[in-house]
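Inspection log for the structure reproduced underneath, given as C-alpha cells.
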Amino acid sequence: MTDQKATLNIGKESYEFEVRQGSVGPDVIDISSLYKQSDCFTFDPGFTSTASCESAITYIDGDAGVLLHRGYPIDELAENGDFLETCYLLLHGELPNKDQKADFVDRVTHHTMLHDQMTKLFSGFRRDAHPMAVMVGVVGALSAFYHDSTDITDESQRMIASMRMIAKMPTIAAMAHKYTVGQPFVFPRNDLDYASNFLHMCFAVPAEDYQVNPVLARAMDRIFTLHADHEQNASTSTVRLAGSSGANPFACIAAGIACLWGPAHGGANEAALNMLTEIGTVDRIPEFLERAKDKNDPFRLMGFGHRVYKNYDPRAKIMQKTTHEVLAELGNTDDPILDVAMELEKIALEDDYFKSRGLYPNIDFYSGITLKALGFPPEMFTVLFSLARTVGWIAQWKEMIEDPKQKIGRPRQLYTGPTTRPYLPLDKR
Ligand code: SDX
C-alpha cells in the first residue's frame with residue numbers, strides 16, 4: 001500500500017483516488033468509487049490500461065520478457081520441474097514436497113477416466129467437427145455429471161472439481177482427436193505419467209503395442225508447463241467473469257475454451273503453422289512481411305506480437321529449444337517449415353516495423369512446428385493449449401471465488417445509440 005493519491009480534475013471538480021502498490025509491477029489507481037463520486041465511467045475497451053483484479057498467481061514483465069508463476073521464473077520451472085508440479089504450485093502457492101507431490105500425482109492419476117455415459121456425447125458431432133468445438137461441448141457437459149462438487153462455497157468441493165478437470169482434460173482431448181480421425185478411444189493408463197498417458201491415448205491403436213518415446217513425452221510435458229497460466233489473458237478473464245456469477249466450474253472452463261479458440265489468442269498456434277505452410281519457402285517471406293505491414297491487408301504475422309510482451313516471450317525461447325530437440329529426436333531436422341520459421345523470425349526481428357512496435361515471436365510461433373512433428377494435426381494445437389491452460393483457469397477461478405471482496409463482474413459502457421423516442425406504427429415507417 002502507498003500513501004500516494006491520484007487526483008482527477010473534471011471541469012471545476014477534483015476527485016482523489018488511492019494509489020495501490022503490488023509486490024512488483026505497475027501501481028494501480030483504485031477508481032472503484034469514481035462513478036459514485038463523479039457520475040463518470042472510465043473507458044478502456046480491450047482493457048489496455050485496466051487491472052481487473054488482484055492476483056498472486058502469475059506475473060509478467062512485458063518489457064523485460066519475464067514470466068513468474070508464484071515467483072518462480074518459467075524457464076526454471078520448465079527446465080527443472082514438470083507439469084503436475086507446476087499445477088500444484090499454481091493451485092496451492094508453493095512447490096510440493098515429495099509427499100505432497102506423490103499424493104497430488106496419485107489423485108490426478110485416479111481421476112483420469114470419464115463417466116462412461118460421456119463417451120456417447122461424441123457421437124453427436126460430425127466426424128469433421130473442429131476438435132475445439134468438441135472440447136467446448138464435452139467439457140461443458142461435465143457440469144451435468146458431477147453433482148457432488150457444485151457447491152463452490154465448499155473448499156473441498158472446489159478442490160475435487162479442480163482435480164477432476166486437470167485429470168480429465170487429457171482424456172477428453174485425446175478422445176476429441178481419436179473421434180475426428182475415426183479411431184477407437186484409448187483408455188487412460190495409471191502406470192503412465194501425465195504426458196506419456198496423453199500421448200498414449202492419442203496415438204496408441206488396439207492393433208499393436210505403442211511405446212511412448214520418453215524424449216517426446218518430456219517435450220510434451222514441458223509444452224504443457226509453458227502454457228499453464230498467463231495472468232489475466234482473454235480466456236482467463238472469461239473464466240473469471242463467468243465464475244463471478246457463481247456458475248458451475250466446468251461450464252466456466254468451457255467458456256474459457258471457447259474464448260481461447262480465437263486466432264488472436266490460443267488459435268494462433270494453428271494459424272501460425274498454416275501461415276508458415278502458406279509461405280512455403282524462404283524466398284516468399286518478403287512478400288508476406290509486406291502484407292503484414294499493409295493496413296489494408298487483414299494478414300497478420302501469426303505467432304508474432306503480444307498485448308503484454310514488448311520483448312521476446314520467454315516461453316517462445318524455450319519452445320524454440322524444444323522444437324529443435326523434438327525434430328532432432330525424430331530425425332527430421334530438415335523440415336522446410338522450420339527453415340521458413342527461423343528465417344522469418346530473423347528478418348522480422350531486424351525490421352523496423354516490428355521492432356518499433358515491440359512485435360516479437362510469442363509462444364505460438366514455434367509451438368505449431370513442434371506439435372506437428374509430434375504427430376498432431378493443426379486443428380488439435382489449440383486443444384493442447386486448452387488442456388494445459390485448464391490449471392491456470394482453475395487456479396484463477398479459485399482465487400476469485402476465495403476473495404472475500406469478490407462480486408459479480410458487470411462492466412458499464414459509453415452509450416452512443418438513439419435517445420428515447422416514441423414507438424412508430426408500421427404504416428408510419
Ligand atoms: C496468446 O494475453 C495473453 O497472455 C495471451 C497468451 C496467453 O498465454 O494467454 O500469451 C496467448 O494469445 C499469444 C498471442 C497469439 N496471437 C497471435 O500471435 C496473433 C497475431 N498477433 C496479433 O493479433 C496481436 O499482436 C495481438 C492480438 C497478439 C496483440 O494485439 P494488441 O495488443 O491489441 O496490439 P495491436 O493489435 O494494437 O497492435 C499494435 C500494432 C498495430 O499497428 P499500428 O496500428 O500501431 O500501426 O502492431 C501491429 C498492429 O497492426 N501488429 C501486427 C501484429 N500484431 C500487432 N502487425 C503485423 N503482424 C502482427 N502479428
Side-chain angles (χ1 to χ4, degrees), residues 44-52 55 57-63 65-69 74 78 86 90 132 223-240 256-276 279 285 287-319 341 344-345 347-349 351-369 381-382 384-393 395-396:
D44 183 16
F47 310 119
T48 51
S49 304
T50 295
S52 60
S55 179
I57 299 172
T58 292
Y59 173 68
I60 301 170
D61 180 336
D63 295 329
V66 167
L67 168 58
L68 306 177
H69 289 318
I74 186 63
T86 302
L90 291 170
M132 281 299 276
I223 291 169
F224 289 157
T225 299
L226 292 177
H227 287 82
D229 190 48
H230 214 237
E231 273 193 11
Q232 306 312 318
N233 58 83
S235 52
T236 299
S237 300
T238 301
V239 172
R240 276 182 173 259
I257 295 172
C259 177
L260 186 75
W261 191 359
H265 189 13
N269 50 21
E270 177 180 355
L273 186 79
N274 294 339
M275 172 193 75
L276 293 170
I279 295 173
I285 289 174
E287 168 201 337
F288 282 85
L289 282 181
E290 286 318 303
R291 285 188 55 194
K293 300 177 196 175
D294 178 356
K295 295 298 168 210
N296 302 316
D297 188 330
F299 175 79
R300 280 277 196 282
L301 215 48
M302 301 316 279
F304 254 77
H306 197 278
R307 172 59 60 75
V308 178
Y309 290 123
K310 299 309 170 193
N311 196 323
Y312 223 98
D313 180 339
R315 303 167 299 175
K317 283 204 174 81
I318 306 163
M319 196 70 242
L344 174 59
E345 179 186 26
I347 298 173
L349 291 180
D351 183 298
D352 186 54
Y353 174 90
F354 295 93
K355 283 198 303 190
S356 63
R357 290 169 176 78
L359 301 177
Y360 290 83
N362 58 52
I363 188 164
D364 296 306
F365 188 68
Y366 279 101
S367 58
I369 302 168
F381 295 175
T382 312
L384 302 188
F385 195 151
S386 67
L387 186 169
R389 184 54 57 88
T390 293
V391 63
W393 289 331
Q396 300 272 351

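First listed ligand is number 1; within each ligand, the first listed atom is number 1. Keep in mind it's a predicted model, so treat the numbers as computed, not measured.
Residues Thr48 and Arg307 form a side-chain contact, since some pair of their non-hydrogen atoms from C-beta on lies under 4.5 Å apart. The shortest side-chain heavy-atom distance between Ser367 and Phe381 does not fall under the 4.5 Å cut-off. Looking at Gln232 and Gln396, their side chains come closer than 4.5 Å, going by heavy atoms from C-beta outward. Between Trp261 and Ser386, every side-chain heavy-atom pair lies at or beyond the 4.5 Å cut-off. At a threshold of 4.5 Å between non-hydrogen side-chain atoms, the residues Phe304 and Met275 do not count as touching. Contact check for Ile369 versus Leu276: side-chain heavy atoms found under the 4.5 Å cut-off.
Each of the atoms 29 (C), 31 (P), 32 (O), 33 (O) of ligand 1 lies under 4.0 Å from some heavy atom of Arg307. Near Gly303, with a cut-off below 4.0 Å to any heavy atom, the atoms of ligand 1 are 17 (C), 18 (O). Within ligand 1, counting atoms from 1 as listed, the ones closer than 4.0 Å to a heavy atom of Arg357 are 40 (C), 42 (O), 43 (P), 45 (O), 46 (O), 47 (O). In the vicinity of Ala268, heavy-atom distances shorter than 4.0 Å reach the ligand 1 atoms 15 (C), 16 (N), 17 (C), 18 (O). For ligand 1, the atoms closer than 4.0 angstrom to any heavy atom of Ala292 are 56 (N), 57 (C).
The closest approach between a heavy atom of Val308 and any atom of ligand 1 is not below 4.0 Å. Residue contact annotation: Arg315 has a non-hydrogen atom under 4.0 Å from ligand 1. Residue contacts with ligand 1 include Tyr353, since one of its heavy atoms falls under 4.0 Å from the ligand. Not a single heavy atom of Glu231 sits under 4.0 Å from any atom of ligand 1. The closest approach between any non-hydrogen atom of His227 and ligand 1 is not below 4.0 Å.
In this structure, of Lys295, Arg300, His306, the residue bringing a heavy atom nearest to atom 46 (O) of ligand 1 is Lys295.
Under the 4.0 angstrom criterion, atom 2 (O) of ligand 1 counts as having a protein heavy-atom contact. In this structure, atom 10 (O) of ligand 1 has a protein heavy-atom contact shorter than 4.0 Å. For atom 33 (O) of ligand 1, a protein heavy-atom neighbour is present inside the 4.0 Å cut-off. Per-atom contact check: atom 26 (C) of ligand 1 does not touch the protein, criterion being a heavy-atom distance below 4.0 Å. Under the 4.0 angstrom criterion, atom 39 (C) of ligand 1 counts as lacking any protein heavy-atom contact.
For Lys293, no heavy-atom contact with ligand 1 is shorter than 4.0 Å. Of all the heavy atoms of Ile363, none lies under 4.0 Å from any atom of ligand 1, so neither backbone nor side chain is involved.
The protein heavy-atom contact nearest to atom 24 (C) of ligand 1 is Phe304 O, 4.4 Å. Regarding atom 4 (O) of ligand 1, its nearest protein heavy-atom neighbour is His230 ND1, 2.5 Å. The protein heavy-atom contact nearest to atom 28 (C) of ligand 1 is Gly305 O, 3.7 Å. Among all protein heavy atoms, the one lying closest to atom 16 (N) of ligand 1 is Ala264 O, 3.0 Å. Protein heavy atom nearest atom 12 (O) of ligand 1, with residue, atom name and distance: His265 ND1, 3.0 Å. For atom 58 (N) of ligand 1, the nearest protein heavy atom (residue, atom name, distance) is Leu301 N, 3.1 Å. For atom 14 (C) of ligand 1, the nearest non-hydrogen atom of the protein is Asn362 ND2, 3.6 Å.
Aromatic ring centroids of Phe299 and Phe288 lie under 6.0 Å apart.
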Could you give me the CA-CA distance, side-chain angles and deciding distance for His69 and Thr86, then say whether side chain to side chain donor-acceptor pair (under 3.5 Å) is met?
-> CA-CA 8 Å; His69 289 318; Thr86 302; over 6 Å; no

Test Leu301 against Leu344 for side-chain contact (heavy atoms from CB on, under 4.5 Å), laying out the working first.
-> CA-CA 10 Å; Leu301 215 48; Leu344 174 59; 4.1 Å; yes

List the steps, then state whether side-chain contact (heavy atoms from CB on, under 4.5 Å) holds for Tyr360 with Leu349.
-> CA-CA 7 Å; Tyr360 290 83; Leu349 291 180; 3.5 Å; yes

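Here the closest heavy-atom approach between residue Met319 and residue Ile223 is recorded as CE-CG1, 3.4 Å.
Judged purely by atom type and a 3.5 angstrom limit, Arg240 has no side-chain atom pairing as donor or acceptor with the backbone of Thr236. For the pair Thr58 (side chain) and His230 (backbone), a donor-acceptor distance under 3.5 Å is absent. Not one N or O on the side chain of Asp313 forms a donor-acceptor pair closer than 3.5 Å with the backbone of Pro361.
Ring geometry, His265 versus Phe385: the interplanar angle exceeds 60°, so the pair is classed perpendicular (tilted spans 30 to 60°).
Between Asp364 and ligand 1, a contact under 3.5 Å exists for no N or O pair. Taking distance alone, with nitrogen or oxygen atoms compared against 3.5 Å, Leu359 stays at or beyond that limit from ligand 1. For the pair Met302 and ligand 1, the shortest N or O to N or O distance does not fall below 3.5 Å. Residue contacts with ligand 1: Phe354 is placed with no nitrogen or oxygen under 3.5 Å of a nitrogen or oxygen of the ligand (distance criterion only).
Tested against Pro314, the residues Leu67, Leu226, Ile363, Leu68 include a single side chain to side chain contact (heavy atoms under 4.5 Å, CB included) partner, Leu67.
For Phe47, the CZ atom sits in a loose shell: 12 or fewer heavy atoms of surrounding residues, nucleotides or ligands are nearer than 6.0 Å.
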